[in-house]
There are 2 protein chains.
Amino acid sequence: MMARSPTTLDAFAAIAEPRRREILSALSRGLPVVEGGRDVTWLVEELGWPQPQVSKHLGVLREVGLVSVVRKGRRRMYSVNGEELKPVYEWVKKYERFWEQQLDRIKARAERMERERQ
Amino acid sequence: MMARSPTTLDAFAAIAEPRRREILSALSRGLPVVEGGRDVTWLVEELGWPQPQVSKHLGVLREVGLVSVVRKGRRRMYSVNGEELKPVYEWVKKYERFWEQQLDRIKARAERMERERQ
DNA sequence: TTGATATATTCCGATATCGGTATATATTTG
DNA sequence: CAAATATATACCGATATCGGAATATATCAA
């Protein structure tokens with residue numbers, strides 16, 4: 001019984017978690033990427049979550065390559081590594097026509113008629 | 001003990017599953033969106049998965065609003081509803097500079113090394 | 001060295017999620 | 001109505017995943 005597939009840990013899975021998106025957002029605001037980044041303590045204060053939780057989510061982001069780390073003494077400076085977000089961007093972009101076309105109205109009407117028919 | 005958060009079922013979570021991305025891909029290829037869409041049987045044949053699996057993933061996509069359904073007799077015609085992908089697009093787009101900048105940096109360094117080599 | 005600080009890791013319990021199989025529900029057709 | 005077709009749903013077992021608490025590891029400072 002094969003059960004669940006082994007969680008292909010990729011960028012898609014990583015950003016599915018709202019808190020990990022929050023981390024990326026926090027890391028990306030303000031600071032120029034050129035600097036070393038921001039350390040975990042800063043993130044903990046900024047987000048107000050328990051430190052292990054922050055570290056664990058950072059671990060996932062790290063494994064997937066969405067963040068980069070640089071050791072700085074006993075600190076670890078994290079920064080967003082956008083490279084890994086590009087595939088997500090490219091994927092979604094393929095569906096651009098689906099929201100740009102205004103066929104939505106046609107579809108919406110069809111659905112409305114459908115609902116009324118039930 | 002609060003345990004796991006209740007799986008905020010949104011577009012991000014929906015597209016985290018590779019098979020659901022496959023479904024969207026299958027639904028989006030070839031066919032103009034104007035038509036009613038494609039039915040489940042077509043998807044089952046196209047993907048080669050057991051029918052319940054297809055229906056269940058369609059159920060998730062439906063709940064999130066990533067696909068639209070229109071009943072056509074005993075068939076259900078599915079089509080991609082791009083509207084719900086827009087937030088994902090907008091979110092990733094915010095990080096565009098992170099991979100573009102990185103490419104710039106790589107390119108810049110390559111050029112610098114090239115100059116120094118001469 | 002000892003203690004403090006910064007961060008990661010481990011262990012645990014609860015729950016969500018996935019695939020598989022069987023079954024229910026609707027709709028058409030004979 | 002009965003049989004067939006199309007699709008959804010329910011149930012189950014395995015596993016992944018999350019949050020929480022405790023602990024390990026590394027580094028700095030006195």
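What you see below is based on every heavy atom in this structure, not just the backbone, and it leaves out hydrogens, waters and symmetry mates. Each chain gets a letter, A, B and so on, in the order its sequence line appears, and its residues count up from 1. All values derive from a computational prediction rather than experimental measurement.
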[X] side chain vs [Y] backbone, donor-acceptor pair below 3.5 Å:
X	Y	value
B/Arg62	B/Val67	no
B/Trp49	B/Leu47	yes
B/Tyr95	A/Ser28	no

Please compare A/Val60 and A/Arg71 by the position of their nearest nucleotide in DNA chain D and report the one closer to 5'. A/Val60
Between B/Val54 and A/Gln51, the residue closer to the 5' end of DNA chain D by nearest nucleotide is B/Val54
Is the positively charged end of A/Arg21 above the ring of B/Phe12, judged by distance under 6.0 angstrom from the centroid and angle within 45° of the axis?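 Because its charged atom sits under 6.0 Å from the ring centre and within 45° of the axis, A/Arg21 does stack over B/Phe12.
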[X] [atom1] to [N] [atom2]: how many Å, rounded?
X	N	atom1	atom2	value
A/Trp49	C/dT7	CH2	P	16 Å
B/Leu43	D/dA6	CG	P	14 Å
B/Gln53	D/dC11	CD	P	20 Å
B/Glu63	D/dT9	CD	P	9 Å
B/Asp39	D/dT5	CG	P	15 Å
A/Arg75	C/dA6	CZ	C1'	8 Å
A/His57	C/dA8	NE2	P	13 Å
B/Glu46	D/dA6	CD	P	17 Å

Would you indicate which nucleotide in D/dA6, C/dT7, D/dC11 comes nearest to any side-chain atom of B/Lys56? D/dC11
Select one nucleotide: of C/dA22, D/dA22, D/dC18, the one nearest the side-chain heavy atoms of B/Pro52.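 Of C/dA22, D/dA22, D/dC18, C/dA22 is nearest to the side chain of B/Pro52.
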Looking at D/dA8, I'd like to know if its phosphate oxygens (OP1 or OP2) sit under 4.0 Å from a side-chain N or O belonging to B/Tyr78. yes
Per the atom types in the model, does the base of C/dT7 pair as donor or acceptor with the side chain of A/Arg74 at under 3.5 Å? no
Are the ring centres of B/Tyr89 and A/Tyr89 closer than 6.0 Å? yes
